[in-house]
Amino acid sequence: MLSRNFYKMKNLLAIILILAISACASVKSNKINKKKYPSWLIQPQNTITGLSAKYYYEDKSIDVALQNAINKYGKLQYCLVKGGQTFIQTPAGMSIVDDSLYVHIFENDKFTDKFFYEYTPVDTFTSTGFVAVCFADKNSSNGQKSDLVYLDDECEWAKEPPLDDEFIYAIGYCDILGDELRSWQYAENHAILSLAKQKSMDKFGEELEADGTRMSMSIENINIELHDIEIVERWKDEKYNIYYVLIRMKK
């Protein structure tokens with residue numbers, strides 16, 4: 001059950017939404033098929049972003065975005081990645097035949113109280129398909145810029161994650177899943193799964209033959225706890241409509 005602070009936050013968020021919605025509403029672009037995003041959504045420095053579908057009542061969108069931000073905060077602080085995936089490689093290509101891998105988010109009132117203690121709402125953004133609320137770290141002045149920017153046409157880290165002595169990086173991506181909201185969310189979870197694979201994975205392989213066709217089967221099993229994940233950057237490939245998220249965690 002959420003803390004009473006959750007309901008106190010609703011009124012504050014409603015005020016911020018009304019003040020910011022005109023400035024942060026999606027802007028019609030002169031560039032074909034491109035739109036602007038707030039800089040805190042693309043490069044979230046010292047912020048947590050809550051996303052929500054657009055509902056008829058603004059309060060509903062705010063409530064969902066707030067709950068999403070709390071859940072995301074808890075997931076980045078501590079989550080369990082568990083399960084497995086089975087792949088079959090044939091001359092026609094690779095296909096996945098079983099997928100039980102998931103990111104488990106723990107419900108904990110301490111995460112809720114800690115979130116309200118550390119973060120405060122500073123900005124909102126309304127796109128055609130979702131509402132985003134930015135919560136900034138109270139102890140930092142970074143990440144609170146509300147300027148709208150175009151995404152770059154190219155992104156180096158989308159091809160290969162950065163190498164660092166201190167952090168391990170992972171990329172998540174998603175072909176559009178019907179709407180932008182779910183695509184960003186799936187890309188984020190995919191990045192966490194990719195990070196878990198780098199940290200700890202048991203892999204098994206087996207050669208198969210069926211109807212004269214040789215195949216190989218590989219099984220990947222994961223069971224690992226991840227702590228203190230950071231979302232570094234988001235990017236969308238406008239040409240192919242693919243969403244990317246870059247995350248990192250200390251080694």
Side-chain angles (χ1 to χ4, degrees), residues 33 42 51 68 71-72 74-106 151-251:
N33 296 327
I42 303 306
L51 302 178
N68 176 277
N71 290 341
K72 182 179 298 184
K75 177 173 64 176
L76 297 178
Q77 290 282 308
Y78 170 63
C79 65
L80 172 66
V81 180
K82 188 175 183 178
Q85 294 176 314
T86 302
F87 302 87
I88 295 291
Q89 176 73 57
T90 69
M94 177 81 76
S95 60
I96 185 168
V97 295
D98 181 67
D99 187 358
S100 62
L101 191 60
Y102 69 98
V103 179
H104 180 67
I105 306 172
F106 294 88
L151 295 173
D152 294 333
D153 293 330
E154 299 289 337
C155 178
E156 288 299 321
W157 60 257
K159 302 174 184 177
E160 186 175 356
L163 296 177
D164 194 304
D165 292 334
E166 184 179 2
F167 293 95
I168 179 173
Y169 287 82
I171 303 168
Y173 63 89
C174 174
D175 296 330
I176 190 165
L177 287 175
D179 61 67
E180 194 169 21
L181 172 63
R182 287 190 298 167
S183 298
W184 284 124
Q185 291 174 330
Y186 183 90
E188 187 176 292
N189 275 345
H190 184 253
I192 293 175
L193 296 178
S194 298
L195 181 63
K197 287 184 177 182
Q198 292 184 60
K199 293 288 290 183
S200 176
M201 180 175 66
D202 295 324
K203 190 171 183 177
F204 308 92
E206 183 179 355
E207 295 296 324
L208 306 172
E209 186 172 342
D211 298 327
T213 301
R214 293 189 64 82
M215 301 177 292
S216 61
M217 180 177 67
S218 59
I219 302 173
E220 300 175 352
N221 292 321
I222 298 174
N223 187 350
I224 186 172
E225 297 176 355
L226 300 178
H227 302 266
D228 301 320
I229 302 169
E230 297 178 60
I231 297 177
V232 180
E233 191 169 349
R234 296 181 176 93
W235 181 70
K236 178 185 176 184
D237 186 329
E238 300 280 2
K239 183 177 180 180
Y240 296 103
N241 224 11
I242 302 176
Y243 295 78
Y244 292 86
V245 175
L246 177 67
I247 66 172
R248 70 181 186 183
M249 186 178 73
K250 285 191 175 182
K251 292 181 178 180

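Start at 1 with the first residue, then count along the sequence. Quick caveat, the model's predicted, so the values are computed rather than measured. In what follows, every heavy atom counts, from backbone to side chain, and hydrogens, waters and symmetry copies are set aside.
- Here CD1 of I105 is found 7.5 Å from CD1 of I192. Values are rounded to the nearest 0.5 Å.
- Between atom CZ of residue R248 and atom OH of residue Y169 there is a gap of 4.0 Å, rounded to the nearest 0.5 Å.
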Open item on the list: Before you tell me yes or no, could you show the steps for H104 and Y102 under side chain to side chain contact (heavy atoms under 4.5 Å, CB included), namely the whole-Å CA-CA distance, both residues' side-chain angles and the distance that decides it to 0.1 Å?
Closed with: CA-CA 6 Å; H104 180 67; Y102 69 98; 3.5 Å; yes
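- Residues forming a side-chain contact (heavy atoms from CB on, under 4.5 Å) with D237 (at least two apart in sequence, or on another chain): W235, K239, Y240, I242, Y244.
- Heavy atoms of other residues, nucleotides or ligands lying less than 6.0 angstrom from CD of E160 number 12 at most.
- Across all non-hydrogen atoms, the minimal contact from S183 to D175 is OG-O, 4.2 Å.
- When the options Y243, Y173, W184 are evaluated for a ring pair (Phe, Tyr, Trp, His ring centres under 6.0 Å) with H190, the one that passes is Y173.
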- [ ] Kindly indicate, with the supporting measurements, whether the criterion side chain to side chain contact (heavy atoms under 4.5 Å, CB included) is fulfilled by K251 and F167.
- [x] CA-CA 5 Å; K251 292 181 178 180; F167 293 95; 5.7 Å; no
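- Residues N68 and L51 share a closest heavy-atom pair of OD1-N, 3.1 Å.
- Annotation for K250 and K199: closest pair O-NZ, 4.5 Å, computed over non-hydrogen atoms.
- Under the salt bridge (charged side-chain N to carboxylate O under 4.0 Å, His left out) criterion, no residue pair touches residues 82-106, with sequence neighbours excluded.
- Contact check on E188 versus K75 returns a salt bridge, with a Lys/Arg side-chain nitrogen under 4.0 Å from an Asp/Glu carboxylate oxygen.
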Using residues 217-228 as the side-chain source, report each donor-acceptor pair under 3.5 Å to any protein atom, sequence neighbours left out, with the distance given to one decimal.
residue, atom, partner, partner atom, Å
E220, OE1, K197, NZ, 3.3
E225, OE2, Y78, OH, 3.1

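- Here CD1 of I229 is found 12.0 Å from NZ of K72. Values are rounded to the nearest 0.5 Å.
- Heavy atoms only, all atoms of each residue included: V103 and N189 are closest at CG2-O, 4.3 Å.
- A donor-acceptor contact shorter than 3.5 Å links the side chain of D164 to the backbone of E166.
- Taken from CD in E238 to CG in L151, the straight-line distance is 5.5 Å, to the nearest 0.5 Å.
- Closest of all the heavy-atom pairs between S194 and I171 is OG-O, 3.3 Å.
- One distance of note links CZ of F87 with CD of Q89; it measures 11.0 Å at 0.5 Å rounding.
- To the nearest 0.5 Å, the span separating CG on L101 from CG on L193 amounts to 4.5 Å.
- Atom CD1 of I96 is surrounded by more than 12 heavy atoms from other residues, nucleotides or ligands within 6.0 Å.
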